[in-house]
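First up is the structure itself, then whatever we jot down about it.
We number each residue from 1, following the sequence as shown.
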Amino acid sequence: QVQLVESGGGLVQPGGSLTLSCVASGSIFSSGPMAWYRQVEGLERELVAVITSEGSTNYANSVKGRFTVSRDNAKNTMYLQMNSLKPDDTAIYYCNAPWSIRTWGQGTQVTVSS
């Protein structure tokens, strides 16, 4: 059963913006915190941002001040607004429940290039 679906990626120029969406099953979303991750081919998956059920957030130092994570509990959806994008933000972005990792979705590709 597919429980995590990411969307919104694409090709943008440095300095541009994108907003990603993650739709999760109700059982996952209502259980507590949700998180965004990203992965570059050949490297480990990296934690990008976390948001609790109450809306408290934490970010990786590499994206702090540029990315904003939010959630809509009624829609079982988490968002990642990405501003001032850099080439090193290029990766496949995934979402999951950090307390109990489920089967990963397909992710959504973000490419930042001139």
Side-chain angles (χ1 to χ4, degrees):
Q1 181 178 345
V2 177
Q3 296 182 305
L4 296 163
V5 180
E6 302 92 347
S7 63
L11 173 64
V12 296
Q13 295 186 343
S17 298
L18 281 175
T19 299
L20 309 182
S21 297
C22 166
V23 179
S25 69
S27 61
I28 295 176
F29 206 86
S30 64
S31 65
M34 293 290 293
W36 284 100
Y37 305 79
R38 65 187 182 187
Q39 186 171 31
V40 177
E41 181 68 30
L43 301 179
E44 290 188 6
R45 207 184 309 264
E46 172 191 18
L47 181 65
V48 175
V50 177
I51 183 167
T52 69
S53 297
E54 303 300 321
S56 180
T57 60
N58 284 287
Y59 300 90
N61 288 334
S62 58
V63 307
K64 190 173 298 183
R66 300 187 297 117
F67 291 10
T68 302
V69 61
S70 60
R71 64 192 290 166
D72 185 336
N73 292 334
K75 297 183 180 296
N76 293 334
T77 302
M78 176 176 62
Y79 306 94
L80 185 67
Q81 182 177 337
M82 305 183 295
N83 299 322
S84 302
L85 283 163
K86 304 175 180 180
D88 58 3
D89 294 319
T90 296
I92 301 176
Y93 285 71
Y94 302 88
C95 60
N96 219 311
W99 283 106
S100 182
I101 298 295
R102 315 301 176 95
T103 299
W104 297 96
Q106 67 180 26
T108 185
Q109 176 72 52
V110 173
T111 302
V112 185
S113 176
S114 298

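Tracing side-chain contacts under 4.5 Å through hydrophobic residues (I, L, V, M, F, W, Y), one never reaches Tyr94 starting from Met82; they form parts of separate clusters. When the side chains of ILVMFWY residues are joined at heavy-atom separations under 4.5 Å, either directly or via intervening members, Tyr59 and Leu85 end up in a single hydrophobic cluster. Residue Val23 is not grouped with residue Val50 when hydrophobic side chains (ILVMFWY) are merged at heavy-atom distances under 4.5 angstrom, including chains of intermediate members. One hydrophobic cluster, built from ILVMFWY side chains closer than 4.5 Å, cannot hold both Val112 and Tyr37; they sit in different ones.
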**OP:** Verify side chain to side chain contact (heavy atoms under 4.5 Å, CB included) between Val40 and Glu46, making sure each step is shown before the conclusion.
**Re:** CA-CA 9 Å; Val40 177; Glu46 172 191 18; over 6 Å; no
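Counting only N and O atoms by type, the side chains of Ser27 and Ser25 include a donor and acceptor under 3.5 Å apart.
Nearest heavy atom pair, residue Arg71 against residue Pro33, reads NH1-CA, 3.9 Å. Minimum interatomic distance between Ser17 and Val12 (heavy atoms only, all atoms of both residues): O-CG1, 3.9 Å. Here the closest non-hydrogen pair linking Gly32 and Ser53 is CA-OG, 3.1 Å. Gln13 and Ser114 make their closest contact through NE2-O, 4.5 Å (heavy atoms, listed as atom of the first residue, atom of the second, distance). Of all the heavy atoms in Arg38 and Phe67, the pair that sits closest is NH1-CE2, 4.1 Å. In this structure, Cys95 and Met78 approach most closely via the heavy-atom pair CB-CE, 3.6 Å.
With rounding to the nearest 0.5 Å, the separation of OH in Tyr93 from CG in Leu80 is 7.5 Å. Interatomic distance, Ser62 OG to Leu47 CG, rounded to the nearest 0.5 Å: 9.5 Å. Considering CG of Asp72 and OH of Tyr79, their distance stands at 5.0 Å, rounded to 0.5 Å. Note: Cys22 SG to Ile51 CD1 = 11.5 Å, rounded to the nearest 0.5 Å. Rounding to the nearest 0.5 Å places CZ of Arg102 at 5.5 Å from OG of Ser31. Distance check: Leu18 CG to Leu11 CG gives 9.0 Å after rounding to the nearest 0.5 Å.
When the shell of 6.0 Å around CD of Gln109 is examined, it contains more than 12 heavy atoms from other residues, nucleotides or ligands.
Trp104 pairs in a side chain to side chain contact (heavy atoms under 4.5 Å, CB included) with only one of the listed residues (Asn96, Ile92, Leu4), which is Asn96.
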